[in-house]
Amino acid sequence: MYEYLLTVDGDEARARAQAETIADQPESAANIHTTILHVFTENDETSVQEITAATLARDILTDAGIAVDLDETVGDPTTAILEKAEQVDANRICVSGKKRTPTGKVIFGSVTQGIILSTQRPVLVCSADD
C-alpha cells in the first residue's frame with residue numbers, strides 16, 4: 001500500500017489540485033491510501049469534517065477509488081505534519097505552497113519550505129492554477 005499524507009488548509013483550489021495530482025499518480029488506486037490532515041493552529045470547535053477543502057479533497061480521491069482517512073490536530077503546522085507523516089509512515093507528503101515573495105517567506109515563514117527542509121520523505125508540492 002502506498003501512503004500519501006495530504007495536508008490541507010482552507011483553500012479549496014489548492015486542495016483540489018493536490019487531490020487531483022494524487023489521483024493522477026501511476027500507482028493503482030486500489031494500492032493507494034491517503035490521510036488528509038488539517039492542522040488547526042488553536043483549539044477550535046470546528047472539525048476537519050467541516051473544512052470544505054478537506055471534504056472536497058476526500059470526495060475527489062474516493063471518486064477515483066482511493067481509500068481516504070480524514071484527520072486533524074492542533075499545533076504548529078510544520079511540526080504536526082512531520083509527526084503525522086511519521087505516524088502513518090507516509091511514502092510521500094503532498095503539500096500546496098502559497099505564492100509568496102522571498103521576503104514574505106522570511107517574515108511569515110513557509111510551512112512547505114519547513115517540511116521540505118525537515119524530512120527525508122519525498123514531498124510532492126502542488127499549486128493551484130491562478
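What you see below is based on every heavy atom in this structure, not just the backbone, and it leaves out hydrogens, waters and symmetry mates.
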For Ser118 and Gly114, which heavy atoms make the closest approach, and how far apart are they? OG-O, 2.8 Å
Identify whether Val39 and Ile93 are in the same connected component of the hydrophobic contact network (ILVMFWY, side-chain heavy atoms under 4.5 Å). yes
Tell me which pairs pass side-chain hydrogen bond (donor to acceptor under 3.5 Å, both in side chains) where either residue lies in residues 10-19, with sequence neighbours left out. Asp9-Arg14, Asp11-Arg14
Inter- and intrachain pairs under ring-ring contact (aromatic ring centres under 6.0 Å, His included), touching residues 34-86, at least two apart: His38-Phe40
Fellow cluster residues of Ile60, listed by chain then number, with links counted only when side-chain atoms sit under 4.5 Å apart: Leu56
All heavy atoms of Ala64 vs all of Ala29, minimum pair found to be O-CB, 3.2 Å
Is it true that Val95 and Leu124 fall in one hydrophobic cluster, defined by side-chain heavy atoms closer than 4.5 Å? no
Can you tell me how far apart CD1 (Ile115) and OG1 (Thr78) are? Round to the nearest 0.5 Å. 5.5 Å
Tell me which pairs pass salt bridge (Lys or Arg N to Asp or Glu O under 4.0 Å) where either residue lies in residues 111-126, with sequence neighbours left out. Glu86-Arg121, Asp89-Arg121
My understanding is that a hydrophobic cluster links ILVMFWY residues whose side chain heavy atoms are under 4.5 Å apart, including indirect links. Using that, what else belongs to the cluster containing Met1? none
On a heavy-atom basis, which atom in Ser127 and which in Ser96 lie closest, and how many Å separate them? CA-OG, 4.1 Å
Sequence neighbours excluded, every pair satisfying salt bridge (Lys or Arg N to Asp or Glu O under 4.0 Å) that has a member inside residues 69-81: Asp71-Lys84
Heavy-atom side-chain proximity of Tyr2 to Asn31 below 4.5 angstrom: no
Between Leu5 and Ile81, is any pair of side-chain heavy atoms under 4.5 Å apart? yes
Mind checking what makes side chain to side chain donor-acceptor pair (under 3.5 Å) contact with Thr41, not counting sequence neighbours? none
Can you list the residues that meet the side-chain contact (heavy atoms from CB on, under 4.5 Å) rule with Glu83, with sequence neighbours excluded? Thr79
For Ala53 against Ala15, the heavy-atom pair lying closest together: O-CB, 3.4 Å
Pairs flagged by side-chain hydrogen bond (donor to acceptor under 3.5 Å, both in side chains) wherever residues 56-67 is involved - sequence neighbours left out: Gln49-Arg58
Would you please name every residue forming a salt bridge (charged side-chain N to carboxylate O under 4.0 Å, His left out) with Glu3, sequence neighbours left out? none
Look at the side-chain heavy atoms of Ile, Leu, Val, Met, Phe, Trp and Tyr, link any pair under 4.5 Å apart, and say whether Val111 and Val125 land in one connected group. yes
May I ask you to test the Leu6-Thr35 pair for a side-chain heavy-atom distance under 4.5 Å? no
Taking Ala17's backbone N and O only, do any of them form a donor-acceptor pair with Glu20's side chain (distance below 3.5 Å, no angle check)? no
Would you mind reporting whether Asn91 and Tyr4 have side-chain heavy atoms less than 4.5 Å apart? no
What pairs with Asp24 under salt bridge (charged side-chain N to carboxylate O under 4.0 Å, His left out), at least two apart in sequence or on another chain? none
Under the side-chain contact (heavy atoms from CB on, under 4.5 Å) test, which residues partner Ala54, sequence neighbours left out? Val8, Ile36, Val48, Ile51, Leu70
